[in-house]
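For reference, the structure discussed in these notes is given below.
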Number of protein chains: 2
Amino acid sequence: MDIEQTKIPQATAKRLPLYYRFLNNLHSQGKLRVSSKELSEAVKVDSATIRRDFSYFGALGKKGYGYNVEYLLSFFRKTLDQDETTKVALVGVGNLGTAFLNYNFTKNNNTRIEIAFDADQKRVGTEVGGVQVEHVDDLEEKINDTAVAILTVPSSEAQPMTDRLVKAGVSAILNFTPARITVPPHVRVHHIDLSIELQALVYFLKHYPLEEEQEG
Amino acid sequence: MDIEQTKIPQATAKRLPLYYRFLNNLHSQGKLRVSSKELSEAVKVDSATIRRDFSYFGALGKKGYGYNVEYLLSFFRKTLDQDETTKVALVGVGNLGTAFLNYNFTKNNNTRIEIAFDADQKRVGTEVGGVQVEHVDDLEEKINDTAVAILTVPSSEAQPMTDRLVKAGVSAILNFTPARITVPPHVRVHHIDLSIELQALVYFLKHYPLEEEQEG
DNA sequence: AGCAGTTTGTGAAAACATTAACGACTTCCT
DNA sequence: AGGAAGTCGTTAATGTTTTCACAAACTGCT
């Protein structure tokens, strides 16, 4: 069942949710068809790359016509498991955690933050973005079968909290702390490091000149 | 002056701030030397990749010894222009914007958020994370020579605000909105799309199995 | 029906990135 | 001083991703 899927390049897989979202936009605008060129302009991905990406799933388009929005959408819905919602836990209801909780994830999305944890007694028992905040001491007890965790704690807490999450059975962690956490090989970690993203942007700005600004 | 620099692969450039941060940690721990193997374990990057990355800047290490932490650090400081602080503006002081403002960027960092803008009169005039919040109507007037902007506005505002920022002379934008913004060719944009990161993680979790969990 | 115009899907090439492997050199122990 | 152990810097091999470019096939106009 996953035989074909495994072959999809990671770079492609990362773009799928992006495509999915824009197709949804088009669909709600009542658009019936779309070409790789149009889509390219909207998502800022080369049109050949888009066609290549789609082609991993078979021949989804029609020559001389483009792609049928509804068909493509229903195809992606299946592929991205949009029907089956993945439960997510969030640990650390600071500013960043709150931002996540308030984010409108339910729209066009296969993930839902089911529960949040924080160490601050003032936050426990409140509801943020429709999600109940529990005390972090109850993590093991209340996290149940949640497979994915978003880690938005202070970096000193990152590794201890990771260890607890792993013990509690979490199999993927989205780590927003600057700490590079250590996990067993069966646990998947993605790092999003805001400080590094900003520094990298500055580095590119200074060292990788783009086209000159056009005067007039 | 940039002749050599231009050849550094983008993938390497993205890792430089990460290396820099960990070297700082080591230095403040009083460590004098470090090997690519040790560093590899700390930052979770293959040691051969680390050696390759460093080698773009010349021979920074010593065979049989490793790298001198202080020397490496002073080298990176120059390379990453740590002495020269880049001014950053933040637009949209919501949860995510607030998270950024409260982030301790000044430590080990070549970037500083100098000014923030928001449309909400209640926030204007306050100080968040030591940064003054101005009304977004005054953006053009007060943004001055700021080169980089962090965009944390609602996605409906993304393109209009981008157009204003570009007109005001900003040359790089870190875009946290789900909108894919359009800019002239001389402006650099990096997208960080929280919803997509989460969806991609879930997709990898389901379709790219890692090593099986070890029982016992 | 026929033809000009459009757009896909993909083979082949190019560009980019990671990893293995090892010679050369350094350290440090005895 | 000599040799075992350690580590870099780099060549070559491998893997991944993007892009080009075009035949094939469809659309839609007249």
Side-chain angles (χ1 to χ4, degrees), chain A residues 4-19 23 26 31-73 75-76 79 185 191 200 203-204 207-208, chain B residues 4-16 18-19 23 26 31-73 75-76 79 191 200 203-204 207-208:
Chain A
E4 296 290 325
Q5 305 269 324
T6 307
K7 288 182 192 158
I8 294 165
Q10 302 222 352
T12 297
K14 278 197 172 182
R15 284 187 292 262
L16 297 182
L18 182 63
Y19 297 148
L23 287 170
L26 292 177
K31 252 186 155 263
L32 299 178
R33 58 185 267 191
V34 65
S35 69
S36 60
K37 188 151 160 284
E38 279 176 283
L39 206 48
S40 169
E41 277 151 29
V43 300
K44 318 286 181 194
V45 171
D46 187 273
S47 68
T49 301
I50 292 177
R51 292 200 300 281
R52 170 80 64 204
D53 284 347
F54 287 1
S55 78
Y56 291 115
F57 300 100
L60 303 177
K62 218 188 242 182
K63 300 182 182 188
Y65 174 90
Y67 300 89
N68 179 298
V69 173
E70 193 136 10
Y71 176 73
L72 206 49
L73 208 45
F75 186 87
F76 274 110
T79 304
H191 293 276
Y203 186 85
F204 284 128
H207 297 274
Y208 295 69
Chain B
E4 298 288 327
Q5 305 269 324
T6 307
K7 288 182 192 159
I8 294 165
Q10 302 222 354
T12 296
K14 278 198 171 181
R15 284 187 291 262
L16 297 182
L18 182 63
Y19 297 148
L23 288 171
L26 292 177
K31 251 185 156 265
L32 299 177
R33 57 185 269 192
V34 65
S35 69
S36 61
K37 189 152 161 282
E38 279 177 282
L39 206 48
S40 169
E41 277 151 30
V43 300
K44 318 286 180 194
V45 172
D46 186 274
S47 69
T49 302
I50 292 178
R51 291 200 300 283
R52 163 84 62 218
D53 284 348
F54 287 1
S55 79
Y56 291 115
F57 300 100
L60 303 177
K62 217 189 244 182
K63 300 182 181 189
Y65 174 90
Y67 300 90
N68 179 298
V69 173
E70 193 135 11
Y71 177 74
L72 206 51
L73 208 45
F75 185 87
F76 274 111
T79 305
H191 293 275
Y203 186 85
F204 283 129
H207 297 275
Y208 293 71

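Every chain is numbered from 1 and lettered A, B, ... according to where its sequence line falls, protein lines coming before strand lines. The analysis underlying the following values was restricted to heavy atoms, covering all of them including side chains, and did not include hydrogens, waters or symmetry mates.
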CZ-NZ distance between A/Phe204 and B/Lys14, expressed to the nearest 0.5 angstrom: 6.0 Å

NZ (B/Lys37) with more than 12 external heavy atoms under 6.0 Å: no

Answer whether the closest heavy-atom distance between the side chains of B/Tyr67 and B/Leu39 falls below 4.5 Å. no

Check whether any side-chain N or O of A/Tyr208 sits under 3.5 Å from a backbone N or O of B/Ile8 as a donor-acceptor pair, and report yes or no. yes

Using C1' atoms of five pairs at each end, report the bend of the helix from C/dA1-D/dT30 to C/dT30-D/dA1 rounded to 10 degrees. 20°

Please tell me if the side chains of A/Leu73 and A/Leu26 come closer than 4.5 Å, counting only heavy atoms from C-beta onward. no

Integer-rounded Å distance: C/dT6 C1' and A/Glu38 CD: 12 Å

Measure up the A/Phe57 and A/Phe75 rings against each other and bin them: parallel (under 30°), tilted (30 to 60°), perpendicular (over 60°). perpendicular

Whole angstrom is fine here: how far is it from CG in A/Asp53 over to P in D/dT17? 10 Å

Between B/Phe57 (CZ) and D/dC8 (P), how many Å, whole number? 17 Å

Distance (rounded to the nearest 0.5 Å) between B/Arg51 CZ and B/Thr49 OG1: 9.0 Å

In terms of the nearest nucleotide of DNA chain C, which residue is placed more toward the 5' end: B/Asp46 or B/Arg33? B/Asp46

What is the distance, rounded to the nearest whole Å, between atom CG of B/Asn68 and atom C1' of D/dC8? 14 Å

Which nucleotides of nucleotides 8-17 of chain C have their base under 4.0 Å from a protein heavy atom (B), which only their sugar-phosphate (S), and which neither (-), written as one string 5' to 3'? BBBBB----S

Interatomic distance where NZ belongs to A/Lys14 and C1' belongs to D/dT16 [whole Å]: 13 Å

Here the gap from A/Leu23 atom CG to A/Phe76 atom CZ, rounded to the nearest 0.5 Å, amounts to 6.5 Å

